[in-house]
Amino acid sequence: MTDLETFRAETRAWLEANCPAECRGPLDNDEDRVWGGRNATFKTPAHKRWMEVMGERGWTAPEWPTEYGGGGLTREQAKVLGSEMRRIDAQSPLSSFGIWMLGPALLQFGTEEQKKRFLPEIVRGEIRWCQGYSEPGAGSDLAGLQTRAEDRGDHWIVNGQKVWTSYADQADWIFCLVRTDPDAPKHLGISFVLFDMATPGVTTRPITLISGKSPFCETFFDDVRVEKENLVGTLNRGWDVAKALLAHERTMIGAMGDMGRPMGQVAVDSLGLDETGRLDEPMLRARIAELEIDVAAFRLSMERVGDQVKARQVSPAIASMLKYYGSELNKRRHELAMAAGGSDALEWESDRSRKGTAARDWLRTKANSIEGGTSEVQLNIIAKHLLQLPGA
Amino acid sequence: MTDLETFRAETRAWLEANCPAECRGPLDNDEDRVWGGRNATFKTPAHKRWMEVMGERGWTAPEWPTEYGGGGLTREQAKVLGSEMRRIDAQSPLSSFGIWMLGPALLQFGTEEQKKRFLPEIVRGEIRWCQGYSEPGAGSDLAGLQTRAEDRGDHWIVNGQKVWTSYADQADWIFCLVRTDPDAPKHLGISFVLFDMATPGVTTRPITLISGKSPFCETFFDDVRVEKENLVGTLNRGWDVAKALLAHERTMIGAMGDMGRPMGQVAVDSLGLDETGRLDEPMLRARIAELEIDVAAFRLSMERVGDQVKARQVSPAIASMLKYYGSELNKRRHELAMAAGGSDALEWESDRSRKGTAARDWLRTKANSIEGGTSEVQLNIIAKHLLQLPGA
Amino acid sequence: MPLILTEEQTMLKDAADGFLAEHAPISHLRHLRDSKDADGVSRDLWRAFGEMGFAGVIIPEEHGGSGLGAVEAGVVAEALGRTLTPSPFFGSSVLAARVLSDAASADQQAWLPRIAAGEAILSLAVDEGPKHQPARITTTAERSGNGFKLNGAKGFVLDGHIADALIVAAKTGAGTTLFLIDARTSGVEIERTVMVDAHNAARVTLTDVQVDADAVLGAVDGGEAALESALNLGRACVAAGLIGAGDQAFLSTVEYLRTRKQFGKAIGEFQALQHRAAHLFTELEIAKAAVLAALQRIDAGTEKADLAVSVAKAKAGRVAELAVQEAVQMHGGVGMTDEYDVGLFMKRVRVLNELLGDAGFHAERIARAGGY
Amino acid sequence: MPLILTEEQTMLKDAADGFLAEHAPISHLRHLRDSKDADGVSRDLWRAFGEMGFAGVIIPEEHGGSGLGAVEAGVVAEALGRTLTPSPFFGSSVLAARVLSDAASADQQAWLPRIAAGEAILSLAVDEGPKHQPARITTTAERSGNGFKLNGAKGFVLDGHIADALIVAAKTGAGTTLFLIDARTSGVEIERTVMVDAHNAARVTLTDVQVDADAVLGAVDGGEAALESALNLGRACVAAGLIGAGDQAFLSTVEYLRTRKQFGKAIGEFQALQHRAAHLFTELEIAKAAVLAALQRIDAGTEKADLAVSVAKAKAGRVAELAVQEAVQMHGGVGMTDEYDVGLFMKRVRVLNELLGDAGFHAERIARAGGY
């Protein structure tokens, strides 16, 4: 038995023993995710236990080094863990912007002290993080941000406002872009800082979306004290940290194009087949087939990009391509899902429509091509970095 | 009987008596058109006679004033003439850039002398005209033209080169944009002049297109003498004449979207129906239905724009909308025609495919969105003049 | 017939736009929605609609209506699309009024004046499954005693929860028959279904609903023509509503492009957005022509007016969809918030697209009629 | 299996690109076309193809081939797409070679080494109507004497006019049978059909063509599997050809955008064109992934490799079509001239799109397989 086979056998046994039955099978809905944090809520006590046992092993962040609380697994081992979890349909023990976003940034840019302090509590789900990038009026022009940090010796005083901060009202800490040099060119006077959302002067207000949900907040900073030790990376070079992180986010959002049941089956469930065995809406059928071709090709493209990245055959800007295509595809997919659902899917509050799940999901997808850099911004990046077009 | 009814009766009788049998029914192909001119060719002697009798009556340009050789008909009478000609499937007696383009410009901008001199011979098909606008390297930037006319007192000496001059090798005279003030801003130093293609120093060279045809030429001017009396409009204000003419051309090219047999029928002829009575290619069928909807809507839109123009409810820039949509639609239409024709339509030289007519037509349509101002230029015009977007 | 509004029609348009801007702007929809109004429409507004002559726009003057045609109904529908005003206009003033105008004079006298006055609300119950398929009705009406007994389930019944009476399409052996049924008849169950756009519809279940023979509108087995005629008028009016909503979303977007600044300039200066806006403008103008032509042909009784209607509904649907998608995308983040109106347009367009046959349904009709 | 070329495959790609750039750039196609070459291909070039190992890329080493797989055949096809080189590659080296590799060893020995050497040319005759519909072959082969008598008409037979032998798919009662027929057999009439892209095809008429029983490849009534397998390999390779042509047209266009000036700046500075180019780049990359995956799955013998092939052919077809359309449009007037190469790419892509099933054909397969 190779090392990897041994690892697989042990992992399988451990998961069997430790993954509670309640934490197996698909999530009923997005609200049931485990986010951790000081005020964590859990669907069942088993979900809490599942987060904790996985966190102890570092398997919520399997590839992070053990000295920072991570699992210390190799990429191959992490894949085995993933496939064994899928085998028993195990739910994710922890959803976390700390794991997805801040962690990779700290591992790359943080001081030893910062890594030791922040990473372990992220792994264990003790602290929930949110991201403070966008500002009202800035939109795609992220670097035009106005939130300013005044130097007061050993700390800064931060004033300003962020918007689109996901779950800011439930987060414990924020990683945040602030302007530390108002006189520098706009990309050069920005720093990447961390602070506690419980600091006096921080307030949040949820934003209701067209889907009726409020995952996002406006977040206000009024004379908020931020310690200088919580600067990540170099002063006034926070844009580098942010860019690295954004590329990461783009890949994640782009991957949405990869989700869900085949649209043809969704449509057949709703509309049935005609006497020739074809979907009983010929025009919709043609659109669905085109979509399924694009979905299949996009999935393969994600796989290919992964392999190209590994083989160092491609620029990191390729993430913009996946972000752009994946989010546009996901929007198209949900337009077709609504057409397949017909009037049933238009019911906003009935139990039949599960309180308008399809419609709310459809509306939610419209943000895919806006958040994490709009489709237009991705196309600009492709034109500039991948095609080297002049003036792009 | 109203005047119009009398006119209809008389017209019908005259057409019956004067339209030769050979000149009724659809043209076999584009080469059979009658273009007139000093070296006119005719498919049959009857075609020559048909051009002449119509020209004598001024009915090749029915609405032009009689003093310039036109028919002097009212719009209503001209419509009656048109419908009576369609009734007997009469072919057009004369195709002519003089009638379509130069004539309207002369009527608007020409001197009395110019109208008297040039219009009657256009009506009678005696002189064939071509258009000298585009220059190599200028493309969409029409006003950037370099052909220069040096002032020599009572005449100019013209040097330079034009491209895309339709049928320049067969034309007798040219209407042409030349730069008369090299120091003025580029739109302001241009004049609109006329001269004989037989003038020493004029040479032409046909351009072969991807469709295998050569309707266009490169045209070279080497110390060509142009009399000043042949200036149309104001010196250095030729751009105004050109713009008016271009708007005209745009409407004509846009109208191409309106041609031909319903695509569904074209496809059925080629591919047949399945056992449910539907076209035996479901995916193509869906695309054809979408096309037919757009074709029908576009036709109605042309009608509506005509009515809006009459009612002065719309800016002349609306021609750009029709040009843009009509040419894109026509391209789509021919893509589908090729799909419906399948491999049969790919044969380039066989008699079965009538020497690749469908394929050559398909390739020809690709120029629709380039000639007379590209689609991109039309969209710029719409953004600027109809939407008043900033910086457009 | 020129493809532009006549002077009278333009006046009607100005009146409708003006009335709605004053009495039922988008805040009216928000109020009904956020207060969870039990009806989902304002009865007062509906009566005011009656007074203005809008509720009875196609109802003959002898029955208290304005005696106007499809074009005028389209004008009102487009105005409603611009302000997203919930009202029983499509169900009561267009579909039901059109069916009734072919009915016996007693039925006309009983209902048309009250519809015209905005006092009565009628709903047409046709759809059964998730898609509009009027050719495949399965609700049955069997002869029973002096009349009929109806069984079946209907959905997407516009304003069914506040209807005084329902017009139900049911199979009667060989053909389709239309029944006028009091909403309080025993065996009729009505459940309001709040829709994504905060407009109103209901599901109607018919369980052994016993009606007299005089509940039949027109002839037994002979309801198809009246139904089809009403549906076609309805489709053309819904297409006009799509134009109203799509065009309004577009206009707000163009305004936003002119004023919103990013990277130091108005976003409308970016050529990529300019071209998309210009393309959308073009599509909207073309769709407008198709819709007006369909309405005019209905009025003129032109042969194949139904195909012009399908062109209009399909084209207006696709174009309005593009308009609201571009509107949200070009607005960026704020376009996703409930606070901005642009999302409301997106929701409304989705519902209007589905209503009385989506673009695919109408494309299928075009293909069938084209013999392919 | 990573979705990138292995080192060996990359070397093959470099070799094929290099060889074609040197010996058969686009001027080679122009020369054959403009000189009205009777064959439409260069026999010398084809033999050189044999020497390089390209003509026998999938033919086993024991029969003189390179013994490589679908991915490698795709690599060659893509290279041919970039230079638009006319050659019997698809017909002879892919389709015929694949059918023969399931045939009796005598047939293999007779033909495979000669195909691999670029000495013999074989053509597969499947299509009959204007569209690819291999499930509806009407050419018949009736038992007659010691063998069969064939009647029917085939079209779009790649390089049929210069074929030494034809592989003909015919109905034999219950099933499909493949026949290997000498092109000079009595009753076989072959007419060259010069195609829009100046590549080669023929129409073949079979009138009472008498063949011996040993003309049957594989089993009587049992040709469907071999045919389908060859068609799938062919489709994946044609998809690779589409990628080659589409990508090359795209690359020339990007170069043109960088250098061509209008209104005082490079046209590539216009954001509207930048976004369209970026979109096209994205589509091409996604299509490339689909094509490579299909080829890999054929090699791996993956279940449902046929569906991966349909995804690849449909996607590559649509994307290449967009690429050549954008290429002509962005080149403007010069793109319409025969002098520029961009029109040649447009023509080639149209033919490759039609070859072995267009995007609609493959979308239909996807839908059927998806149970809808």
Side-chain angles (χ1 to χ4, degrees), chain A residues 137-141 144 262-268 270-298 328-329 331-342 374-377 379-380 382-384 387 389-392, chain B residues 137-141 144 262-268 270-298 328-329 331-342 374-377 379-380 382-384 387 389-392:
Chain A
S140 292
D141 187 9
M263 188 50 53
Q265 282 310 308
V266 171
V268 169
S270 175
L271 305 175
L273 300 172
D274 71 9
E275 71 283 5
T276 67
R278 291 185 283 208
L279 185 71
D280 203 3
E281 290 275 336
M283 303 299 166
L284 179 59
R285 175 175 182 266
R287 290 189 169 221
I288 290 174
E290 297 283 353
L291 176 89
E292 289 203 336
I293 287 165
D294 287 344
V295 167
F298 178 66
E328 295 297 334
L329 192 59
K331 290 198 296 180
R332 233 172 93 205
R333 192 172 164 272
H334 281 265
E335 286 288 342
L336 293 181
M338 287 305 286
T374 62
S375 282
E376 290 77 14
V377 165
L379 291 171
N380 287 342
I382 296 169
K384 178 173 187 170
L387 305 184
L389 287 176
Chain B
S140 292
D141 187 11
M263 188 50 54
Q265 282 309 306
V266 172
V268 170
S270 174
L271 306 174
L273 298 173
D274 72 11
E275 70 283 5
T276 66
R278 291 185 283 209
L279 184 71
D280 203 4
E281 290 275 335
M283 302 298 164
L284 179 60
R285 176 176 182 264
R287 291 191 168 219
I288 290 174
E290 297 283 353
L291 175 90
E292 289 203 337
I293 287 165
D294 287 343
V295 167
F298 178 66
E328 296 297 334
L329 191 59
K331 290 197 297 180
R332 232 173 92 204
R333 192 173 164 274
H334 281 265
E335 287 288 341
L336 293 182
M338 288 304 286
T374 62
S375 282
E376 291 77 15
V377 165
L379 291 171
N380 286 343
I382 295 168
K384 179 172 186 168
L387 305 184
L389 287 176

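Just so it is clear: chains get the letters A, B, ... in the order the sequence lines come, proteins before strands, and each one is counted from 1.
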Worksheet item: Which pair of non-hydrogen atoms, one from Arg285(A) and one from Pro282(B), has the smallest distance, and what is that distance?
Response: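 Shortest heavy-atom contact: NH1-CB, 3.9 Å.
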Worksheet item: At what distance, to the nearest 0.5 angstrom, does CE of Met283(A) lie from CZ of Arg287(B)?
Response: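 Answer rounded to 0.5 Å: 12.5 Å.
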Worksheet item: In Å, rounded to the nearest 0.5 Å, how long is the span from CZ of Arg278(A) to CZ of Arg278(B)?
Response: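 Arg278(A) atom CZ to Arg278(B) atom CZ measures 6.0 Å (nearest 0.5 Å).
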